[in-house]
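As structure tokens, the structure follows; a few thoughts come after it.
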Amino acid sequence: MTGEDVAAGGERAESDTDADAGADADSAGDDSEDDAGDDESDNPLDTEGEIAADYLEELLDIADLDGDIDTFVENGRAHVSVLTDSDVLVGTDGEVLEALQELTRLAVITETGNRSRLMLDIGGYRERRRKALTELATDAVQEAKDSGEAVRLAPMNPFERKIVHDVVAGAGLTSESEGEEPQRRVVILPGV
């Protein structure tokens with residue numbers, strides 16, 4: 001059983017953070033002095049999302065691609081989602097998405113001077129991948145429990161490994177990563 005064996009479509013199962021992110025946009029004032037004061041009190045993660053959204057909007061315009069951009073903050077991280085039907089910005093196994101995420105983080109770092117952990121999703125790819133990996137990890141946990149042996153999964157990127165580690169911990173087992181990038185994988189250890 002490997003991560004590549006799992007294919008699933010999924011819907012976003014996030015909390016009400018989308019509504020919370022939109023509420024901040026409604027509170028902007030008209031007076032420029034007030035705006036300067038508001039910028040200082042804004043959440044830095046909201047600012048990261050706004051910078052990233054502006055960068056991606058320019059990129060979409062240059063590439064003549066359609067897409068709406070949504071920003072929100074969740075679990076101490078800014079999230080930007082490009083809503084599009086095109087897979088051109090995702091690429092094979094999310095390779096283009098990963099590169100765009102790094103470029104977007106660099107744009108944020110350049111603007112703010114601070115390290116960014118911004119998460120980018122395009123066309124719901126990460127959410128579909130999260131659902132597929134959750135199912136894969138659940139099956140692998142059951143396999144480790146039933147067999148009493150460690151289960152090694154296919155190599156994954158850090159985003160994917162984190163999802164698997166979280167599922168394993170939630171099931172009461174432990175897991176570890178082994179190997180070197182890009183062949184780093186999760187090993188699920190059987191319970192004692």
Side-chain angles (χ1 to χ4, degrees), residues 1-14 48-49 52 55-56 59 63 65 67 70 72-109 115-192:
M1 169 170 38
T2 68
E4 287 82 25
D5 293 336
V6 179
E11 292 183 21
R12 189 169 156 184
E14 301 293 333
E48 276 190 34
Y55 174 79
L56 290 165
L59 179 74
L65 296 170
D70 184 26
F72 59 99
V73 174
E74 181 178 74
N75 297 327
R77 179 179 278 196
H79 291 256
V80 178
S81 182
V82 178
L83 309 171
T84 181
D85 293 330
S86 174
D87 287 336
V88 71
L89 295 176
V90 174
T92 305
D93 297 326
E95 289 175 346
V96 176
L97 171 59
E98 290 295 328
L100 283 173
Q101 178 172 276
E102 288 309 309
L103 288 172
T104 305
R105 285 178 177 175
L106 285 173
V108 171
I109 291 168
R115 179 177 169 263
S116 174
R117 294 178 54 236
L118 179 127
M119 182 65 66
L120 174 64
D121 192 7
I122 297 175
Y125 175 82
R126 288 202 194 272
E127 289 306 315
R128 289 189 306 275
R129 189 71 179 134
R130 181 185 310 273
K131 182 177 180 190
L133 288 168
T134 299
E135 292 172 7
L136 172 73
T138 301
D139 291 346
V141 163
Q142 192 58 50
E143 181 181 337
K145 286 179 177 179
D146 292 346
S147 71
E149 296 180 14
V151 175
R152 285 175 171 71
L153 300 179
M156 298 176 188
N157 66 40
F159 163 77
E160 295 171 333
R161 290 193 308 268
K162 170 84 168 86
I163 292 168
V164 173
H165 286 305
D166 289 348
V167 171
V168 172
L173 294 183
T174 57
S175 58
E176 58 191 23
S177 293
E178 69 176 17
E180 298 295 322
E181 295 292 353
Q183 295 300 313
R184 199 155 169 80
R185 67 182 68 233
V186 174
V187 179
I188 299 171
L189 306 172
V192 185

query: Among all residues two or more places apart in sequence or in another chain, which pass the side chain to side chain contact (heavy atoms under 4.5 Å, CB included) test with Thr174?
result: Leu189
query: Do Met156 and Ile163 touch side chain to side chain, with heavy atoms closer than 4.5 Å?
result: no
Approximate separation, where rounding is to 0.5 Å, of Leu59 CG and Leu65 CG: 7.5 Å
field: Shortest non-hydrogen separation from Ala140 to Ile188 and the atoms involved
entry: CB-CD1, 3.4 Å
- request: Quick one: do Gln101 and Arg126 satisfy side chain to side chain contact (heavy atoms under 4.5 Å, CB included)? Show the steps, please.
  value: CA-CA 12 Å; Gln101 178 172 276; Arg126 288 202 194 272; 3.0 Å; yes
message: Show, in sequence, the C-alpha distance, side-chain angles and deciding distance for Ile122 and Leu100, and conclude whether the side chain to side chain contact (heavy atoms under 4.5 Å, CB included) test is met.
response: CA-CA 10 Å; Ile122 297 175; Leu100 283 173; 3.8 Å; yes
statement: Rounding to 0.5 Å, atoms OG1 (Thr92) and CG (Asp87) come to a distance of 9.5 Å
message: Test your reading of the model: is there a side-chain donor-acceptor pair from Arg77 to the backbone of Arg117, 3.5 Å cut-off?
response: yes
message: How close do Leu173 and Ala144 get, counting heavy atoms only, and between which atoms?
response: CD1-CB, 4.3 Å
- request: Can you see which heavy atom on Ile109 is nearest to which on Ser116, and at what distance?
  value: CG1-N, 3.9 Å
message: Looking at every non-hydrogen atom in both residues, tell me the closest pair between Val164 and Ala137 and how far apart they are.
response: CG1-CB, 4.0 Å
Whether over 12 other heavy atoms sit under 6.0 Å from Asp146 CG: yes
field: Side-chain heavy-atom pair Thr84, Leu89 within 4.5 angstrom cut-off
entry: no
task: Measure the CZ-CZ distance between Arg115 and Arg105 for me, rounded to the nearest 0.5 Å.
output: 7.5 Å
message: Checking Leu56 against Leu120 for the side chain to side chain contact (heavy atoms under 4.5 Å, CB included) test, could you report, in this order, the C-alpha distance in whole Å, the side-chain angles of both residues, the deciding distance, and whether it holds?
response: CA-CA 10 Å; Leu56 290 165; Leu120 174 64; 3.5 Å; yes
- prompt: Is Val108 close to Tyr55 at the side-chain level, that is, under 4.5 Å between some pair of heavy atoms?
  reply: no
- request: Grab the two heavy atoms, one from Gly123 and one from Arg128, that are nearest each other, plus how far apart they are.
  value: O-NH1, 2.6 Å
query: With the threshold set at 4.0 Å, does a side-chain nitrogen-carboxylate oxygen contact exist between Arg152 and Glu178?
result: yes
query: Judged by atom type as modelled, is there a donor-acceptor pair below 3.5 Å linking the side chain of Asp121 to the main-chain atoms of Tyr125?
result: yes
query: Between atom CZ of Arg130 and atom CD of Glu127, what is the distance when rounded to the nearest 0.5 Å?
result: 5.0 Å
task: Applying side chain to side chain contact (heavy atoms under 4.5 Å, CB included), name anything that partners Asn157, two or more places apart in sequence or on another chain.
output: Glu98, Phe159, Glu160
- prompt: Looking at Gly148 and Pro190, what are the two nearest heavy atoms and their distance?
  reply: O-CG, 3.3 Å
statement: Interatomic distance, NZ@Lys162 vs CG@Leu133, rounded to 0.5 Å, equals 13.0 Å
Working for side chain to side chain contact (heavy atoms under 4.5 Å, CB included), residues Glu181 and Arg184: CA-CA 5 Å; Glu181 295 292 353; Arg184 199 155 169 80; 3.8 Å; yes
message: Tell me whether Arg161 contacts the main-chain N or O of Val186 through its side chain, where contact means a donor paired with an acceptor under 3.5 Å.
response: no
task: Would you give the length of the straight line joining atom NZ of Lys131 to atom CG of Leu136, rounded to the nearest 0.5 angstrom?
output: 14.0 Å
